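What you see is a predicted model, and the numbers here were worked out from it, not measured in a lab. We count residues from 1, following the sequence as given. Order of listing sets the numbers, starting from 1, for every ligand and every atom in it.
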Amino acid sequence: MPPTDPAPSVLCFENVEKRYGADGETIAVGGVDCAIAKGSFVALVGASGSGKSTLLKMVNTLVEPSGGRVMFVDEDVTTLRPAKLRRRVGYVFQGIGLFPHFTVSENIAIGPRLAGEKLSRERIAELLTLVELEPEMASRMPDELSGGQRQRVGVARALAGDPELLLMDEPFGALDPITRDALGNKVRELHERLGLTTVMVTHDMAEALLLADRVLVMDRGEIVADETPAALLAGNGGDVAQGLVAVPREQAEKLAAMEGRLA
Ligand code: ADP
């Protein structure tokens, strides 16, 4: 049988760097090379300050690289019109990130509106249904929703332009564990159903292991491990990665031991 072609890259970081400070003395991202295949669900994991958000923000041009380039399909993102790029790349912001003075419907429609397109009421209802919210919520204000409902609206907004790529920056960080788990599973299901390519930033290794196909570990602006969840659980990826895997593993072991004692 002939070998099957590998999936094409939707996103490619080519020696991407971001430095801050008058002399560029703070290296937020230092020379990242990485290709993200179409259809993959990638988690970008690392301690606070390791450069995860900066790397993600360079994809939709919220941050400009100091060196190298970010390719979206086969174009340098800095050459694409921002409104057009942001329609093709859905972004779920850290925390909640809805505009407080806009209704749910206006929040969802903002990306297409900036690109000169009006979303129909039917499309908004369809997007709300996709994230398991009642279409009647379209006219509510963000402060009339729970944190979980707001972040569902954030996901609906990111999906409004039928994106090829979905970027999520700590999307569930502000949520309670049960809501967080439910929304994580929902996003994974939507990823499959809509044929998305997804990159999710998280500091939570358990979330990364449970949701992603591939885990990139960042440390001090560099990718220090690039493994499948199974390979990380088998002990691969080096010290930083294993340090992060140890946390949920030890918690699971302690819980299992407690269950054993209680049985
Ligand atoms: P993470 O998302 O992993 O928490 P960030 O990408 O936010 O990390 O930050 C990486 C590094 O870059 C940190 O040391 C941070 O202080 C620095 N940094 C990020 N944004 C700026 C900025 N606008 N000005 C100066 N330093 C920044």
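Atom 9 (O) of ligand 1 has as its closest protein heavy atom T54 OG1, 3.8 Å. Ranking the protein heavy atoms by distance from atom 8 (O) of ligand 1 puts G51 N, 3.2 Å first. Taking atom 19 (C) of ligand 1 as the reference point, the nearest protein heavy-atom neighbour is Y20 CE1, 3.7 Å. At the shortest separation from atom 12 (O) of ligand 1 among protein heavy atoms lies A28 CB, 3.2 Å. Distance from atom 3 (O) of ligand 1 to its nearest protein heavy atom, with residue and atom name: K52 NZ, 2.8 Å.
For ligand 1, the atoms lying closer than 4.0 Å to a non-hydrogen atom of A47 are 3 (O). Atoms of ligand 1 lying under 4.0 Å from any heavy atom of S50, numbered from 1 in the order shown and given with element: 1 (P), 3 (O), 8 (O).
Between G49, G46, S53, it is G49 that holds the heavy atom closest to atom 14 (O) of ligand 1.
In this structure, G21 has no heavy atom closer than 4.0 Å to ligand 1.
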| request: Report the C-alpha distance between S50 and D219 in whole Å, list the side-chain angles of each, state the deciding distance to 0.1 Å, and finish with yes or no for side-chain hydrogen bond (donor to acceptor under 3.5 Å, both in side chains). | output: CA-CA 5 Å; S50 57; D219 183 41; over 6 Å; no
| side-chain hydrogen bond (donor to acceptor under 3.5 Å, both in side chains) between T61 and R86, worked out | CA-CA 9 Å; T61 65; R86 290 175 197 158; 3.1 Å; yes
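Ionic pairing of K186 and D181 is not present here: no N-O contact between side-chain nitrogen and carboxylate oxygen is shorter than 4.0 angstrom. A salt bridge does not link K254 with E250: every distance from a Lys NZ or Arg NE/NH1/NH2 to an Asp or Glu carboxylate oxygen is 4.0 Å or more.
There is a side-chain donor-acceptor pair under 3.5 Å between T179 and D176.
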What pairs of donor and acceptor atoms, side-chain ones from residues 19-46 against any protein atom, are under 3.5 angstrom apart with sequence neighbours left out?
unit_1, atom_1, unit_2, atom_2, d
R19, NE, E17, OE1, 3.2
R19, NH1, G24, O, 3.3
E25, OE1, D23, N, 3.0
D33, OD1, N15, N, 2.9
S40, OG, A37, O, 2.6

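Within the 4.0 angstrom cut-off, atom 27 (C) of ligand 1 has one or more protein heavy-atom neighbours.
Closest approach of V217 and L244 over heavy atoms only: CG1-CD1, 3.8 Å.
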